[in-house]
2 protein chains.
Amino acid sequence: MDPVPKIWSDTLADHRDSVREAILDATAAQVGEHGLTGVTMSGIAQAGGIGRATLYKYFPDVASILAAWHDRQVVTHLAELMEAAAKASDADRLAVVLRSYAQRNRRDRGDHHGPDLAASLHHAAGVEKAHRHLEHFVSELIAQAAARGEVRTDVPPPELAVYCVNALNGAGSLPSRAAVERLVAVTLAGLRP
Amino acid sequence: MDPVPKIWSDTLADHRDSVREAILDATAAQVGEHGLTGVTMSGIAQAGGIGRATLYKYFPDVASILAAWHDRQVVTHLAELMEAAAKASDADRLAVVLRSYAQRNRRDRGDHHGPDLAASLHHAAGVEKAHRHLEHFVSELIAQAAARGEVRTDVPPPELAVYCVNALNGAGSLPSRAAVERLVAVTLAGLRP
C-alpha cells in the first residue's frame, strides 16, 4: 500500500495553505484576546491546535506572523472594497468605497484592544505593498469621477488618493459610526470641483 | 578643596539634561546616516562621544532612545506650530499651522531613509500623548475659525482636527513641496462651511 494515500498527496497543497490560514485565524483570536503585544508563538500554536515545530516551519517569529495576518486583512479588505465598487452606480462608487474603507478602519481599530496595528506593522514590506494597491485603486476611482466632472481636476488623482486614504485613517480614533460618516462627508467635500 | 567644584555641582542638573540632549542629537545623526533600523547603542555612544556606561544610565535600549528622540521632535514641532500660530493673523492662523505641519511631515519623512518613524513609534506612550496635544491644539484653532464663520460648524472641531492631522500625515508620501501645498489646499477645502 502506498504510505501516503493519494487523497492526501492530492490535497497537500491545499493543506499547506489551510495550515497557514489556521495559523492566521489563531493569530486573530490571540490578538483579540491578549492584544497585539500579548501574542506568543506558543499561544498561537495552542489556539490553532498546531504543533510548535509545524508553526516554526511556516513562520520564524511572532513579528512575521503578525505581518502576514495584517497583510491578509488588507488584501481581504481590498477585495471587499472592489466588490462594493462593482455593485455601486458610477455616481456613488467613490463615496461607497471611501465609506466602506473608513468604517472598516474604525472596526479594525476597535478589535485590537491595543496599539494601533496599522502603525505597528506599517513598515512590513507586504503591508506597504498592499497599501500601495489600495491607493492605486482609490486613485482610479477618483480619475473616473474627475472625468465625469464630480471631482476637482486641479490636483492629480494619485495625490487625492493619498489625501483620502490618510484622512480616512483618522476613523480609527473616532468614537462612533456617526462620527465616521461625518469624516467621510468632510473628506468628500475636499474633493469637490 | 571641595572634591566637586561648586561650578560643577551647580550645573549638574543642566549637565544631566545636556547629556540627554547630546544622546538624542547623536541618535538623530545615526538615524540620518544608517536609517531607523541601523541605530545601535554603541553607534550612538560613539557618535555622541559618550561612554557606554553613561548611555545605559540614561536609556536601557535603542527603542527607548528612539521613542525619546521622536517625542522631542514632536514637542519641538508643536512649539514651532504654536509660534507660527502666534505670529499669524486670525484669518490666516489655521492655514499657516496646517501648512507648517504638512511641510514638516514631508521633511521628517525624507530624513529617515527607512521605515516610517511615526508609524514605528506611534505606539510609544509619550508619542501618543504628544499627538493628542497636537490634535487638541488644531481643534482649538478650528473652533476659533468656526466661530468666525470660516469653517463648517456641522462637524465638531475635535473630529475636524482628527481629519486635518490624518489627511496631512499623507504629506510624508508626497514627492514635492508643491504636492504638499496642494494637499493642504484640498484639506482646507474639506473644512469650508
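Within every chain, numbering begins at 1; the chains are lettered A, B, ... in the order of the sequence lines, protein sequences first and strands thereafter.
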Is there a path of hydrophobic side-chain contacts, each under 4.5 Å between heavy atoms of I, L, V, M, F, W or Y residues, that connects Leu66(B) with Met41(B)? yes
Please look at Leu188(A) and chain B and tell me whether the side chain, the backbone, both or neither of the residue comes under 4.5 angstrom of a heavy atom of that chain. neither
Contacts of residues 146-157 of chain B with chain A (heavy atom under 4.5 Å): Arg152(B), Asp154(B), Val155(B), Pro156(B)
side-chain contact (heavy atoms from CB on, under 4.5 Å) between Asn169(A) and Asn169(B), worked out: CA-CA 10 Å; Asn169(A) 284 344; Asn169(B) 284 344; over 6 Å; no
Around atom CD of Glu80(A), are there more than 12 heavy atoms from other residues, nucleotides or ligands closer than 6.0 Å? yes
Grouping I, L, V, M, F, W and Y whenever their side-chain heavy atoms are under 4.5 Å apart, do Leu98(B) and Val96(B) come out in a common cluster? no
Applying the 4.5 Å side-chain criterion to the ILVMFWY set and letting contacts propagate, would Ile50(A) and Tyr58(A) be lumped into a single cluster? yes
Group every Ile, Leu, Val, Met, Phe, Trp and Tyr by side-chain heavy-atom contacts under 4.5 Å, then state whether Val75(A) and Val138(A) land in the same group. no
How close do Val162(B) and Ser173(A) get, counting heavy atoms only, and between which atoms? CG1-OG, 3.8 Å
Are Ile65(B) and Val62(B) connected in the hydrophobic side-chain network, where two residues link if heavy atoms are under 4.5 Å apart? yes
